[in-house]
Visitor: 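Next up is a structure, given as C-alpha cells.
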Amino acid sequence: MLVRSALPWVRRGSRRDAGRPIGAALRYRAPALLGAALALLLGCSGAAQAPPARAARVVKTPPAQPKAPEGPPLLPAHVIAELEDEDATPYLARRGDEALLLYAAGGRWRTRVLDAGGAPRGEATEAGPAAADVPVAALRATPQGYIAAWIEQSEGSRAVRVLSLDPAGKPVAPASLVAQTAEEITWLDVLPNAAGALVLWEMPRDDRVDVVMTVVAQGKGAASKPTAPASVAREVLGWHAVATERGAAVALVVPPAAQPPRAERKPARKADAEDAAEAGKLGSIALLEIDAAGKVSAPVAVSPEPTAQVDLEIAAVGGRYLLTWTDERDIDSAVYLAAVEQGGKVVVAPRQATPPSGEQALVSLVAPSEGGGRALLAWEDLLGARGGDREGGGAEARGAGRLIHLASVGPDGALSPERAALVFSASGPPDLAADGDGFAAVTLAPATLRADRGGTAAPPVWPTFVRFGPDLSVRAAEPVRAAPFAATDGVPYLVRGLSCHKGACATLASAAAGAGAQAGGAGRAGAAGARAPLALVSLPVRESAWRAPAFREDRDPPPRATAVRALAKGDHIARVAAAELDGGAALAAWVTYFVEGASDGAPRGQDLGATLAVRAASPGGLGKLNVLSQKASSLGGVAIAAAPPPPANPKGKGGAAQGESVLAWVARERGETQVFVTKVDATGAKIAQKKLTTAARKKPGGAPSEASDVAIAYDGAGGFIVAWVDTRDGNAEVYAARIDRALNRTAPDRRITNAPLDAAEVQIAVRGQEAWLVWSDARPAGDGASGGASGASGAGGPSGEASGDVFLARLDAKTLQRIGDEARLHASPEHSRSPVLASLEGGVVVGWVDEPAGESAPGAGAPAGGIARFVRLDNGGAAQGAPVAVAGPDGAAVSSVALACDKVCRGVLASAPGDSVVLNALTLSPGDAAPPSLKPLAWLTGSASQDVSPAFAGRSGASLFFADDSVSGSGRVRWMTIAWP
C-alpha cells in the first residue's frame, strides 16, 4: 500500500529514525504497511533504496478485497501506454492545455503528447536510451518545452543525466551526462524558470546530505550543455526547493553547531543520552535563493532554534515563500509556519500553525494554482480520532484509517477557519493538488455507497478521489474505477500523478501485469498478461452514489476536543489528579511509575522513588513545573483538592488573595511508606508539607505494612478529609483523617472498613455535612454489608470466591464516624475496580470498571473485555435504578473512566480497541436508563496496556488531564479541553 512518486512537491531530505513521528507518523500507525511501502521504493529492478521520506503519493490497491458494490458508473479514461513493469514509474507534465507523458519501454525513453481531454495525440516518440536501473526521474514543463532528468545506477556507479525536449516531446539534443560518481545519489528534482531549469540532487553523508545543482539553459535553438555540478548546501539534515521565475528558493534544515567532544559530555542517565541523540537529529530552518544563472545567495535564518524535524516543505504563495515543518520546541511536536519575502526578509516569524492537539506531524504543503490563491496545509494529529463516516454527524466507522487534516493558508501564514478531514487507509501521505481555487486529493479509503448504512461486511479499500471547493466543502468524490481495469472491478493496481488544469483533474492509473485492458477501455490495449496498461483517468465533478471519505471538520458537533497540550515528559506516569481553580485555571498533579528495588542509581543512604510533580494550566498558558518529591510511591498515587481563600479576620486582615490546594500522596522514607500532605499555591509552588501518618510499618517476621491509594476532598468548613488504604492491621483497609488549612490533624486516623479481604482504590466526595467514600473491596457475599444498587446476592465468582465489588460508606464530615452501614453498590461475578464518584443535585453518581475475574465467564451485559458501569444514588445512598452498563466501542476492553457532574454528568471512557487506547466522551442525564452513546475524543499514542488515569478538573468536564506515552516512548501528562453540547 504504499508510496513512491514523481510529483513536483515530493518531500526531500533525509529522514528521522523510527522513534519519531515523521511525516504522518507512519512508523507508529502502520509498521506492517511501512514495510510494504519500503519494498516498493526500489523502483526499477535492483535499484538502491531511497530514503523513506520520498515514498509518497502513489496509492496501491490492496490485493485482497471484499466483493465490489454494484451499480455506479465508471470514470472516463484513456489508455495512453503499456508498461513492461507494473511497478515502473511513468512521469507526466502539463504545459498549457496539453500534457506530455514520459516512460521507459524496451530500453528506450518514450514520450507521448496528450490533448486537453487526456487522449493521446499521435504515437509515442523515442527520446533516447533508458538505463535498466533508474530509481528517480523528473519531468517538468518549461516555456520552451520540457526538461527531464534522472539518476542511473550501474555496477556501483551513479550518474545524473538531463534531456531537453521540444513541445512535441522530441529530444532537442541527446541526453547530457551531468555528473558521475561512485557515491550515493538518492534524490533529484527539476526546477524550471524562464530561461531553462535548475536541476538539484542530493548525496547522503551518513545522517546528513549535500545538495548539488546544475544549470540547464533552454533557448529557441539547441539546448546548451548543462553547467558543471556546483554545491548548493553541505551537510544539511533536510531540504526542499520550489521553482521561481528567477530561479529557485531552497529551504534547509541546518544541524546545530558542533557538539563538544564525547569525553566532555557524559550523560548522567541513559534517558539523557537518548535525548541528546534525538536532539542531534533536529535543526534550525534557513532559506537561500538561486538565480537562473546558478548564483547562490547567502542563507537567511528563518527559525534559529534547533528544534525542527527534517520534514520541511516550501511553497510560493502570493509573492512570498511559505515554509512549514514539524517542530519540537515544546514538549509535543507541532506544525510550524513562517513566511519570507523574496530576497530573504522574514515577514511572518515561526509560529504554531494550528491549536495544540498533542503530537502533530506535517503531511504536505500544496502550492496554489497558477495565478495565486491559497496553499493547502495537510497535517496529522497523532491523538486525533481516526477516519470514518461523519456525514450528518453519524458515528465514526472504526478502523477506517487515519485522518489527514486540511486547511487553506494565505501569504500571511494564517489558516482558514474552514477545516476538512480526509480518510487515508495506508501508511503514506495522500496525493494532493491545487484545483483552480480549490483542491483535489486521491486517497485510499473504504468504498461504500451512500445508501449502504450499517452493513456488517467490511467494505473494499480502493483509491478514491475527492474534489474540494475553496471552502474545503466536498464537491465530488468517487473511487478511481475505469474500463481499462475491468478485470479487477475497474480498480487499478497503482494510482499516481494527480494533476489539475482549468478545473479538470486527472490521475495516472495502471493495472497489474497480466490484467490487461478489457473491452470498453479507450485507446490501444496490449496483449493480455504481457504488459500493464497505463491510463489517464478523468476525475469529474458529478453526482455520485458513493460516500465521500472526507468531511468538513469544523462542522463536527460536540463533544469534541478543542486543544491538547503536554504538561510534562519523561518517565512513565502512574497516576494523574486534577483540581479546578478560579478563572478557568486548574492544577494537575502526577506521580511517575517507579519499580522499587529495580534501580541502584540512588546516592548512598538515600531513598530513590517516583517523582511527584504539579503544574498549573490555564487559558493563558502553562505555569512552572514544580517537582515536590523524588521519593514518592507509585502505588500510593496522588490526589488533590482545592479550597477557596480563607476568610479575613474581624479586623479585615489575614485573608489570602488566592485559594490554596492540598495534595495527598505517599512517600518512602528509610524503607517505610507514610501518607504526606502538601499545601501549594495557585502556581503549584509548595507552601507547607507534613507527614499525616506515623504508623509503624516494619513487622518482625512478616511483610512491612504499606499505605496506598490516597484520596482527598475539601470539607467545606476550612479543612480537608484524606482517605487512603492501609495494611497496618493486616489486610488492606480504608482509613480516613481530617486536617485543617495548616495541615494539622483535627481528627485521628480512623479505620473505616473491617472486612476479611482487601480494599483498594478509595475515592471521596464531601456533600454538606457528610463525606462519601467508595472503594473496591474483595469481601465475599453475606459479610453483613447492606444491598445497594442491586443487593448483595450473587456476589463473588461461580464458586463463591470474592472477586471484588464497589462499596459505599457515608461519614460524618466532622467526626468521620460512619453513618449507617456500608453498601455494596452492585454484585456481580466480575472484578469491579477503579471507582469514581461525583456529586450531583440530589445525590451522587458512581462509576467503575467491571472486568472478568480470573477464568470466570462474564456476567450479563459484560463482554469479555470488561465494561464501565454508572449508578445514581440519592441523598441517602439508595440507588436510583440499576447501574447503566457502557461497553467500549466495538466491544473494546474498558480500562478506566473519569466523571464530572453539574446539571448533567459528563464522562470520559478509556478503552483499548486493538493495540492502542481511545478516549470516548459520554453524557449521562438524570433518569436515563439506556446506555449513553460514545464519541471518540482522541486516539492515544501509548500502548493498549497503559492506564491513562483520566481525571477531570471541576464539575463542568471542560478540562481533562491524563497520562499517555509519546511516539518515541517517553511518558506524557496531557491536558485536553473539551467542548460539550
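Every heavy atom of this structure was used, including side-chain atoms; hydrogens, water molecules and symmetry mates were not. In this text the structure is predicted, and so the values were computed from the model without any measurement.
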Visitor: With side chains defined as the heavy atoms from C-beta onward, is the minimum distance between Phe465 and Leu75 less than 4.5 Å?
Guide: yes
Visitor: Taking only Lys NZ, Arg NE, NH1 and NH2, and the carboxylate oxygens of Asp or Glu, determine whether Arg542 and Glu478 approach each other closer than 4.0 Å.
Guide: yes
Visitor: Regarding Arg565 and Asp332, does a basic nitrogen lie under 4.0 Å from an acidic carboxylate oxygen?
Guide: no
Visitor: For the residue pair Thr923 and Arg906, confirm or rule out a side-chain donor-acceptor distance under 3.5 Å.
Guide: no
Visitor: Would you say CD of Glu245 has more than 12 non-hydrogen atoms from neighbouring residues, nucleotides or ligands within 6.0 angstrom?
Guide: no
Visitor: Would you please name every residue forming a side-chain hydrogen bond (donor to acceptor under 3.5 Å, both in side chains) with Thr244, sequence neighbours left out?
Guide: none
Visitor: Is there a donor in the side chain of Thr448 and an acceptor in the side chain of Trp546, or the other way round, less than 3.5 Å apart?
Guide: no
Visitor: Heavy atoms, side chains only, cut-off 4.5 Å: are Ile314 and Thr324 in contact?
Guide: no
Visitor: Within the 4.5 Å heavy-atom criterion, are Glu289 and Tyr321 side-chain neighbours or not?
Guide: yes
Visitor: If you define the side chain from C-beta out and look only at heavy atoms, does anything of Leu919 sit under 4.5 Å from Leu960?
Guide: yes
Visitor: Hydrogens and angles aside, do Glu553 and His405 bring a side-chain donor and acceptor to less than 3.5 Å of each other?
Guide: yes
Visitor: Does the ring of Tyr336 carry Arg329 above it, NZ/CZ under 6.0 angstrom from centre and within 45° of its axis?
Guide: yes
Visitor: The test is side-chain contact (heavy atoms from CB on, under 4.5 Å); show your working for Lys569 and Asp965 and say whether it passes.
Guide: CA-CA 9 Å; Lys569 69 175 181 177; Asp965 288 345; over 6 Å; no
Visitor: Start with the C-alpha gap between Ser956 and Asp902, add the side-chain angles, then the distance that decides, and say whether side-chain hydrogen bond (donor to acceptor under 3.5 Å, both in side chains) holds.
Guide: CA-CA 6 Å; Ser956 68; Asp902 196 355; over 6 Å; no
Visitor: What I want to find out is whether Lys502 reaches Glu370 closely enough, with some N-O distance under 4.0 Å, to be called a salt bridge.
Guide: no
Visitor: Evaluate the side-chain proximity of Trp239 to Val250: yes if any heavy-atom separation is below 4.5 Å, no if none is.
Guide: yes
Visitor: Applying side-chain contact (heavy atoms from CB on, under 4.5 Å) to Leu92 and Ser499, what does each step give before you reach the verdict?
Guide: CA-CA 9 Å; Leu92 184 74; Ser499 62; 4.2 Å; yes
Visitor: May I ask you to check whether Arg972 and Ser970 show a side-chain donor-acceptor distance below 3.5 Å?
Guide: yes
Visitor: Could you check if a side-chain atom of Ser333 sits within less than 4.5 angstrom of a side-chain atom of Asp327, using non-hydrogen atoms only?
Guide: no
Visitor: Indicate yes or no: at least one non-hydrogen side-chain atom of Val904 is less than 4.5 angstrom from one of Leu924.
Guide: no
Visitor: Taking only residues two or more places apart in sequence or in another chain, which ones pass side-chain hydrogen bond (donor to acceptor under 3.5 Å, both in side chains) with Asp330?
Guide: none
Visitor: Are the charged groups of Arg552 and Glu418 less than 4.0 angstrom apart, N to O?
Guide: no
Visitor: Would you mind reporting whether Pro430 and Leu444 have side-chain heavy atoms less than 4.5 Å apart?
Guide: no
Visitor: Do any side-chain atoms of residues 347-358 form donor-acceptor pairs under 3.5 angstrom with protein atoms, and if so which ones, sequence neighbours left out?
Guide:
residue	atom	partner	partner atom	Å
Arg351	NH2	Asp412	O	2.9
Arg351	NH2	Gly413	O	3.4
Gln352	NE2	Thr354	O	3.2
Thr354	OG1	Gln360	OE1	3.4
Thr354	OG1	Gln360	NE2	2.6
Ser357	OG	Gln360	NE2	2.9
Ser357	OG	Asp381	OD1	2.8
Ser357	OG	Asp381	OD2	3.3

